[in-house]
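Step one of this worksheet: look at the structure below.
The figures here come from the full heavy-atom set of this structure, side chains too, leaving out hydrogens, waters and symmetry mates. None of these values were measured; they are calculated from a predicted model.
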Amino acid sequence: LREGHSERRRTRLVTLTLAEAVALGRRREQPRKAPDELLAVFARGRLLNPLNQRMDVPWFAGKHARYKRDWKDRVYMAVLEATTAPGWRQIDPHEPKRVTFHAIVPKALDSIDGLRAAMKALPDALKDCGIISGDHDGAGHEFVYSQEARRKAGTVYGVEIRVALRGIRT
């Protein structure tokens, strides 16, 4: 043990990384959900467009996998915190939903392919959390992507995720 560390800290049952420990307790940062919404969460982090990264270098595959895993963890932590709040009700993943991803980024990404590529891991994370059944066309979910570029000091970058039941259109 290093100086200043106690034995109790070393023998804890739950293992959290520093980032996970910092992320806990941010419930006040989470957006308020509208009456027709099932879920509204904010996952902190900077989005990168993997299509702009160099793919010919040997470390790219590992870096890309780590980027996707990190975003999945961020979304999972935000959903976990939202689902443990009072008043939470279980969501049927097979029910058609409208999922809105709103990114707050320092510089706007290309809205056609860059934004979707940067957020590729987010629908997968919602599937892993049991919020949606899948991101394929046959699942019946609608995904909406938007972004807002901000460069002010103190801006918190990340993605706001809102899930609502998909309305029946005639």
Side-chain angles (χ1 to χ4, degrees), residues 14 16-17 19-51 64-150 154-170:
V14 177
L16 293 174
T17 65
E20 290 170 336
V22 169
L24 290 175
R26 289 192 182 148
R27 188 166 287 157
R28 65 182 170 274
E29 247 181 39
Q30 297 300 326
R32 294 201 186 276
K33 66 180 187 174
D36 62 336
E37 291 178 334
L38 302 171
L39 179 71
V41 296
F42 183 78
R44 293 181 120 187
R46 282 196 169 210
L47 287 172
L48 300 173
N49 182 354
L51 300 176
H64 184 62
R66 188 170 44 253
Y67 172 78
K68 286 177 67 173
R69 187 176 56 246
D70 287 348
W71 268 105
K72 283 184 176 185
D73 289 345
R74 289 178 183 136
V75 171
Y76 181 76
M77 292 296 288
V79 169
L80 177 68
E81 192 161 354
T83 56
T84 57
W88 168 255
R89 66 177 182 90
Q90 189 64 33
I91 296 175
D92 178 17
H94 300 288
E95 213 170 350
K97 296 172 193 65
R98 178 186 172 113
V99 182
T100 305
F101 299 106
H102 180 73
I104 299 172
V105 292
K107 183 179 174 191
L109 298 164
D110 179 28
S111 62
I112 302 294
D113 57 357
L115 185 61
R116 288 178 187 239
M119 293 192 201
K120 171 83 174 79
L122 277 61
D124 296 336
L126 291 178
K127 179 182 178 249
D128 293 345
C129 292
I131 304 297
I132 60 173
S133 58
D135 58 355
H136 57 281
D137 293 337
H141 306 300
E142 177 185 359
F143 297 98
V144 179
Y145 298 88
S146 63
Q147 64 182 324
E148 177 183 344
R150 285 192 210 161
T155 300
V156 178
Y157 299 116
V159 180
E160 184 176 287
I161 305 167
R162 295 186 175 270
V163 180
L165 289 178
R166 191 171 177 182
I168 299 171
R169 295 182 185 164
T170 56

Revision key, fill the gap. Smallest heavy-atom separation, Ala149 atom then Pro106 atom, equals CB-O, 4.3 Å
Point to revise | Heavy-atom neighbours of Lys33 NZ exceed 12 at 6.0 Å | key: yes
Check your understanding: Tell me, which pairs form a ring-ring contact (aromatic ring centres under 6.0 Å, His included) where one or both residues lie in residues 105-139, sequence neighbours left out?
Key -> none
**Study point:** Approximate separation, where rounding is to 0.5 Å, of Asp73 CG and Asp128 CG
**Key:** 10.0 Å
Practice item. Considering non-hydrogen atoms only, spot the tightest contact between Ala117 and Asn49 and give its length. Key: CB-OD1, 3.8 Å
Check your understanding: Between Ala118 and Leu47, what is the shortest heavy-atom contact and its length?
Key -> O-CD2, 3.6 Å
Review point. Given side chains that start at C-beta, do those of Trp71 and Val159 come closer than 4.5 Å, heavy atoms only?
Key: yes
Revision key, fill the gap. Closest non-hydrogen contact found for Arg46 with Tyr157 is NH2-CE1, 3.2 Å
Check your understanding: How long is the gap from OG1 on Thr83 to CD1 on Ile131, to the nearest 0.5 Å?
Key -> 7.0 Å
Review point. Under the 3.5 angstrom rule, does the side chain of Arg74 hit a backbone N or O of Arg44 as a donor-acceptor pair?
Key: yes
Review point. Which atom pair, heavy atoms only, marks the closest approach of Ala78 to Phe42?
Key: CB-O, 3.7 Å
Exercise for review: Quick one: which residue pairs count as a ring-ring contact (aromatic ring centres under 6.0 Å, His included) with a foot in residues 96-117, not counting sequence neighbours?
Suggested key: Phe101-Tyr145
Review point. Of the non-hydrogen atoms in Ile104 and Val156, which two are nearest, and what is the gap between them?
Key: CG2-O, 3.9 Å
Review point. Can you find a pair of side-chain heavy atoms, one from Asp36 and one from Leu165, that are under 4.5 Å apart?
Key: no
Check your understanding: Counting distance only, does the side-chain N/O of Arg166 pair as donor-acceptor with the main-chain N or O of Gly140 below 3.5 Å?
Key -> yes
Check your understanding: Is there a side-chain contact between Lys97 and Ile91, using heavy atoms and a 4.5 Å cut-off?
Key -> yes
Check your understanding: Quick one: CD on Gln147 to NZ on Lys107, what's the gap to the nearest 0.5 Å?
Key -> 11.5 Å
Review point. Taking side chain as C-beta onward, heavy atoms only, is His141 less than 4.5 Å from Ser133?
Key: yes
Review point. Is any side-chain heavy atom of Lys127 less than 4.5 Å from a side-chain heavy atom of Asp135?
Key: no
Review point. Can Leu39 and Ile161 be said to form a side chain to side chain contact (heavy atoms under 4.5 Å, CB included), step by step?
Key: CA-CA 8 Å; Leu39 179 71; Ile161 305 167; 5.6 Å; no
